[in-house]
Novice: 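Would you mind keeping the following structure in view while I ask a few things?
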Amino acid sequence: MSTESASLKNHNTFALPVNAAHLVIAEQIEMMIKAWQKAQKRKEPFLVLGEGSNVLFLEDFAGTVMINKLEGIEAKEGQDTWHLHVSAGENWHHLVSYTLKCGMPGLENMALIPGLVGSAPIQNIGAYGIELQQVCEYVDLLNLTTGEIDRMDPQRCEFGYRESIFKHKFKEGFVIVAVGLRLNKQWSPLLNYGNLTKLDPQTVTPQQVFDAVCAMRRSKLPDPRITGNAGSFFKNPQVSAETAERMLAQYPSMPHYPQADGQVKLAAGWLIDQCSLKGHQIGGAAVNSLQALVLVNADNASSQDVVALAKHVRNTVAERFGIWLEPEVRFIGATGELDAVEVLS
Ligand code: FAD
Ligand code: EPU
C-alpha cells in the first residue's frame, strides 16, 4: 500500500504530529525494492521504519517512509537447539510470547520490549541481563540497490551495547528482512537483575520469569499507547574505573556496573534523578516521574519541546557530574537521520 502525504502520529511512539511526503506499507521484499527505486528516481530521502519506538522525528519527513510488514515465523528443531527464522515485520513481544507458548524459552527476559524483530539487531536490544546478540544466529540484510540478500553472522554484525554495524556502514540503502535466532533446548534462567534475583533458580519456570519481567517493566515504564515515549532516551554512560571510584567516594550508593574492558557503566536514570529532574516539564514534554531516563509526551508535546527538555537534562547532568549523556533515541530530520549529540549541543 502506498499513500501520499500521510500522518506519522501513529507510527512513532512519542505520538508526535509529523507527516511524511509518502508512506509505503511493504508486505513483500519486491515492494521494498520498488519503493526505494521510486524514491531514488524522485531524488527523495527514504526511511525504513518499524514501530517507531526508538525515533524522535524533529519535523516532517520530506520523502518516503517505508513501514516493514514482512511476516512469518519458522521454527526448526536441532539436536540441542531450536532455530528460528523470523521475518523482520513480526512484533518482538509477540515472538517472545509465541516461543514461550510453543515450549521454546530463552527470550523471556526481553519480554515487552516494543518494536519489530527486524529492528532488534540495530541497537542490539537488551533488558534484564540479556542482549539480542546472545541468541542471534544471523541477520538477513537486503541491499535495496542490487536486490541481493546477505546472511550476516553475529561477528559481522559488530554488536555492542546499543550498537551494531546497522547504525553505521549499512544505515542507508539496506533493510533487515529477517533474523535467525538460536535457543538452547536446555533452558537455564537468567536471574541476576532487579526482582529476578528473588526467584529460586531451582524451581522457577520460564513463564514465571516472563511474568516477573512484565511486572517490573509495567511498574516503571510508561505504556506508549497511553503516554508517548521512546523508552530510555539516553544510553547509560561508561566511565573509567578511576572516575567511577571518585564518584563512589562521594555517592556510595550510586548504581554502577563494572564491564569486561575495565570501564564502568553508570545508570543515566540515577544521574538524572539526582538532579531532581523527575517531573520536570518543558512545553508538553516531561521527565517521567517513575523512571527519569524516559522522556514523555505529557501534553501534546512538539518535537521542539522534547529537544528542549533533552538539552536541559543533558546540560544539567553535565554541570553536576561532568558526564555528557548521549541519546539512545535516533533523531530524524526532514531528509534523514541527524547526529543527535550535535542537535543537543
Ligand atoms: P524503529 O523505532 O521503527 O526504528 C529504529 C531505527 O531502525 C530507525 O533508525 C529505523 O530507520 C531503523 N530501522 C527500523 N527497521 C529497520 C529495518 N528492518 N532495516 C533497517 N533499518 C531499520 N530497547 C531496548 O534495547 N531495551 C529495552 O528494554 C527497551 N525498552 C523500551 C521501552 C519502551 C516503553 C519503548 C517505547 C522503547 C524501548 N526500547 C528498548 C527501544 C525500542 O523498543 C527498540 O529500539 C526497538 O528495537 C525499536 O524497534 P522499532 O521497530 O520500533 O524501531
Ligand atoms: N534509577 C534511579 N532513578 C531513576 C531511574 C533509575 O535511581 O529515575 C536507578 C535504579 O534504581 C537502578 C538504576 O538506576 O539502580 C538502573 O535503573 P533500571 O534498572 O530502571 O535500568 P536502566 O539502566 O534505567 C536499562 C535499559 C533499559 C532496560 C533496563 C532493564 C539503557 C539505556 N536502558 O535501563 O532499556 O529495559 O535497563 O534491563 O540501557 C531502552 O533501551 O529503551 C530501555 C528501556
Side-chain angles (χ1 to χ4, degrees), residues 8 11-14 26 32 46-57 65-70 87-93 109-132 139-142 144 161-162 164 166-167 170-179 193-196 213 216-237 253-257 265-275 277-278 287-294 296 325-332 336-337:
L8 296 177
H11 296 291
N12 75 100
T13 60
F14 260 119
M32 293 186 161
F46 187 83
L47 180 78
V48 186
L49 203 60
E51 290 184 355
S53 66
N54 209 32
V55 290
L56 174 66
F57 282 103
V65 168
M66 185 184 76
I67 311 264
N68 162 20
K69 286 275 183 195
L70 304 172
S87 294
E90 289 287 341
N91 172 269
W92 175 264
H93 179 72
N109 291 52
M110 290 187 278
L112 273 192
I113 299 182
L116 299 184
V117 170
S119 317
I122 296 169
Q123 73 158 10
N124 181 26
I125 57 167
Y128 300 96
I130 184 170
E131 288 180 326
L132 180 87
V139 173
D140 281 353
L141 187 70
L142 168 70
L144 286 163
Y161 165 62
R162 300 295 189 264
S164 77
F166 308 109
K167 281 188 171 183
F170 297 121
K171 199 169 79 168
E172 295 282 335
F174 296 89
V175 187
I176 293 175
V177 290
V179 178
Y193 201 107
N195 287 351
L196 298 182
V213 167
M216 266 190 289
R217 294 185 68 98
R218 288 194 173 112
S219 72
K220 52 186 171 185
L221 292 169
D223 181 345
R225 286 171 302 186
I226 298 163
T227 309
N229 76 92
S232 300
F233 193 87
F234 298 98
K235 289 186 238 182
N236 283 331
S253 61
M254 175 180 79
H256 60 288
Y257 316 94
K265 199 190 268 181
L266 304 181
W270 182 88
L271 297 170
I272 300 169
D273 198 358
Q274 289 294 305
C275 298
L277 285 168
K278 271 186 180 159
V287 177
N288 181 39
S289 22
L290 292 174
Q291 225 293 4
L293 192 46
V294 179
V296 297
L325 298 178
E326 289 182 15
E328 173 189 301
V329 172
R330 316 280 298 269
F331 285 25
I332 313 291
E337 186 173 14

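Every number for a ligand or one of its atoms is a count from 1 in the order of the listing.
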Novice: Does Val177 approach ligand 1 within less than 4.0 angstrom via side chain, backbone, both or neither, non-hydrogen atoms only?
Specialist: neither
Novice: Using a 3.5 Å cut-off on N or O atoms only, is Gly52 in polar contact with ligand 1?
Specialist: yes
Novice: What I want to know is whether Ile122 and ligand 1 share at least one N or O pair that is separated by under 3.5 angstrom.
Specialist: no
Novice: Give the residue and atom name of whichever protein heavy atom lies nearest to atom 7 (O) of ligand 2, and the separation in Å to one decimal.
Specialist: Trp270 CD1, 3.4 Å
Novice: Just to be sure I read this right, does ligand 1 sit under 4.0 Å from the backbone of Arg217, its side chain, both, or neither, counting only heavy atoms?
Specialist: side chain
Novice: So Glu172 and Phe46, do their side chains get closer than 4.5 Å, heavy atoms only?
Specialist: no
Novice: Which protein heavy atom lies closest to atom 40 (C) of ligand 1, and at what distance to 0.1 Å?
Specialist: Ile113 CG2, 3.8 Å
Novice: Could you identify the single nearest non-hydrogen protein atom to atom 14 (O) of ligand 2 and state the distance to 0.1 Å?
Specialist: Ala267 CB, 3.3 Å
Novice: Taking only heavy atoms of Gly231, which atoms of ligand 2 are found under 4.0 Å from at least one of them?
Specialist: 42 (O)
Novice: Between ligand 1 and Val48, is the shortest N or O to N or O distance under 3.5 Å?
Specialist: yes
Novice: Report the part of Arg162 in contact with ligand 1, treating N, CA, C, O as backbone and CB onward as side chain, heavy atoms under 4.0 Å; options are side chain, backbone, both, neither.
Specialist: side chain
Novice: For Lys278, counting its heavy atoms only, list the atoms of ligand 2 lying under 4.0 Å from any of them.
Specialist: 8 (O)
Novice: For side-chain contact (heavy atoms from CB on, under 4.5 Å), just list the numbers for Gln274 and Met254, CA-CA rounded to whole Å, side-chain angles, deciding distance to a tenth of an Å, and then say yes or no.
Specialist: CA-CA 10 Å; Gln274 289 294 305; Met254 175 180 79; over 6 Å; no
Novice: For the 3.5 Å polar cut-off, considering only N or O atoms, please tell me whether Leu116 and ligand 1 meet it.
Specialist: yes
Novice: Flag the pair Ile67 / His11 as yes when at least one side-chain heavy-atom distance between them is below 4.5 Å, and no otherwise.
Specialist: yes
Novice: What is the nearest protein non-hydrogen atom to atom 19 (N) of ligand 1, stated with its residue, atom name and distance?
Specialist: Ile176 N, 2.9 Å
Novice: Before signing off on this row, confirm whether Tyr128 and ligand 2 have an N or O atom pair separated by under 3.5 Å.
Specialist: yes
Novice: For ligand 2, does Phe234 get within less than 4.0 Å through its side chain, its backbone, both, or neither, judged by non-hydrogen atoms?
Specialist: backbone
Novice: Is there any N or O on Ile332 that sits under 3.5 Å from an N or O of ligand 1?
Specialist: no
Novice: Any atoms of ligand 1 less than 4.0 Å from a non-hydrogen atom of Val55? List them with their elements.
Specialist: 2 (O), 8 (C)
Novice: Indicate yes or no: at least one non-hydrogen side-chain atom of Leu271 is less than 4.5 angstrom from one of Phe234.
Specialist: no
Novice: For ligand 2, which atoms, with element, lie under 4.0 Å from some heavy atom of Asn236?
Specialist: 23 (O), 31 (C), 32 (C), 39 (O)
Novice: Nearest protein heavy atom to atom 24 (C) of ligand 1, by residue and atom, and its distance?
Specialist: Gln123 NE2, 3.4 Å
Novice: Any atoms of ligand 2 less than 4.0 Å from a non-hydrogen atom of Ala127? List them with their elements.
Specialist: 36 (O), 38 (O)
Novice: Tell me the protein heavy atom at minimum distance from atom 22 (P) of ligand 2, and give that distance in Å.
Specialist: Gln291 NE2, 3.9 Å
Novice: Do any nitrogen or oxygen atoms of Ser53 lie less than 3.5 angstrom from nitrogen or oxygen atoms of ligand 1?
Specialist: yes
Novice: For ligand 1, does Glu51 get within less than 4.0 Å through its side chain, its backbone, both, or neither, judged by non-hydrogen atoms?
Specialist: both
Novice: Any heavy atom of Arg217 sitting closer than 4.0 Å to ligand 2?
Specialist: yes
Novice: What about Asn54: any of its N or O atoms under 3.5 Å from an N or O on ligand 1?
Specialist: yes
Novice: Using non-hydrogen atoms of the residue, decide whether Arg162 is closer than 4.0 angstrom to ligand 2.
Specialist: yes
Novice: For atom 41 (O) of ligand 2, find the nearest protein heavy atom and state the residue, atom name and distance (0.1 Å precision).
Specialist: Glu328 OE1, 2.8 Å
Novice: Do the rings of Phe170 and Phe166 sit parallel, tilted or perpendicular, given the 30° and 60° boundaries?
Specialist: tilted
Novice: For ligand 1 and Pro114, I'd like to know whether there is a polar contact (N/O to N/O, distance under 3.5 Å).
Specialist: yes
Novice: Indicate, as side chain, backbone, both or neither, the part of Pro255 found under 4.0 angstrom from ligand 2 when only non-hydrogen atoms are considered.
Specialist: side chain
Novice: Give me the nearest non-hydrogen protein atom to atom 3 (N) of ligand 2 as residue plus atom name, then the distance to 0.1 Å.
Specialist: Asp273 OD2, 2.8 Å
Novice: Nearest heavy atom to atom 18 (P) of ligand 2 wins, so pick from Tyr193, Phe233, Tyr161.
Specialist: Tyr193
Novice: Checking the N or O distance criterion of under 3.5 Å, is ligand 1 in contact with Gly115?
Specialist: no
Novice: Using a 4.0 Å heavy-atom threshold (strictly under), name the region of Ser232 that reaches ligand 2: side chain, backbone, both or neither.
Specialist: both
Novice: Glu131 near ligand 1, heavy-atom distance under 4.0 Å?
Specialist: no
Novice: Which one holds for Asn68 and ligand 1: side chain close, backbone close, both close, or neither close, with close meaning a heavy atom under 4.0 Å?
Specialist: side chain
Novice: Report yes if Ser119 has an N/O atom closer than 3.5 Å to an N/O atom of ligand 1; otherwise report no.
Specialist: yes
Novice: Tell me: protein heavy atom nearest atom 26 (N) of ligand 1, and distance?
Specialist: Gly126 O, 2.8 Å
Novice: Please state which protein non-hydrogen atom is closest to atom 6 (C) of ligand 1 and give its distance, to 0.1 Å?
Specialist: Arg330 NH1, 3.9 Å
Novice: Does any part of the side chain of Met32, heavy atoms only, come nearer than 4.5 Å to the side chain of Val48, both counted from C-beta?
Specialist: no
Novice: Considering heavy atoms of the protein only, find what lies nearest to atom 8 (O) of ligand 2 and give residue, atom and distance to 0.1 Å.
Specialist: Ala292 N, 2.9 Å
Novice: Is it the side chain (CB and beyond), the backbone, both or neither of Tyr257 that lies under 4.0 Å from ligand 2, heavy atoms counted?
Specialist: side chain
